[in-house]
Amino acid sequence: MIMDRIALAILIIGGINWGSIGIFGLDLVAALFGGSSSPLSRVIYTLVGLSALWCISLFFKEEGNRRHSAM
């Protein structure tokens, strides 16, 4: 399903951002979009959070459904 792939891509971007915070102390989203409290940064943080919630559903999908949706 296309939404699964979009959510996973956004979640990967969020994970990379968290990794950069943990390793380097650098919040890439805040650095690129004008600080952590800027409206655009908050939209991106919200999208990452919503993507994480969406990806929770992937744990509950049957394996057969995943194979058929990829075709």
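Only heavy atoms go into these numbers, but all of them, side chains included; no hydrogens, no water, no symmetry mates. Since the structure is predicted, the reported quantities are computational estimates derived from the model, not experimental observations.
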(request) Taking side chain to side chain contact (heavy atoms under 4.5 Å, CB included) as the test, write out the residues that go with I16, two or more places apart. (result) I12

(request) Could you pull out all residues at least two apart from S57 that satisfy side chain to side chain donor-acceptor pair (under 3.5 Å)? (result) none

(message) Applying a strict under-4.5 Å side-chain criterion to I, L, V, M, F, W and Y, I'd like to know whether L53 and F60 cluster together.
(response) yes

(message) Restricting to non-hydrogen atoms, name the atom on A30 and the atom on S41 that form the minimum distance, rounded to 0.1 Å.
(response) CA-OG, 4.0 Å

(message) Would you compute the distance between atom CD1 of I44 and atom CD1 of I13 and round it to the nearest 0.5 angstrom?
(response) 9.0 Å

(message) If I compare all heavy atoms of S38 with all of F33, which pair ends up nearest, and what's the gap?
(response) OG-O, 2.7 Å

(request) Mind checking side chain to side chain contact (heavy atoms under 4.5 Å, CB included) for L26 and listing every partner two or more places apart, or none if nothing turns up? (result) F24, L28, A31

(message) Could you work out, with side chain to side chain contact (heavy atoms under 4.5 Å, CB included) as the rule, every residue matching I2, not counting sequence neighbours?
(response) I6

(request) Name all pairs fulfilling the side-chain hydrogen bond (donor to acceptor under 3.5 Å, both in side chains) condition that reach into residues 46-55, sequence neighbours left out, sorted by first residue then second. (result) D4-W54

(request) Please collect all side-chain hydrogen bond (donor to acceptor under 3.5 Å, both in side chains) contacts where either partner lies in residues 12-21, sequence neighbours excluded, each pair once. (result) N17-D27

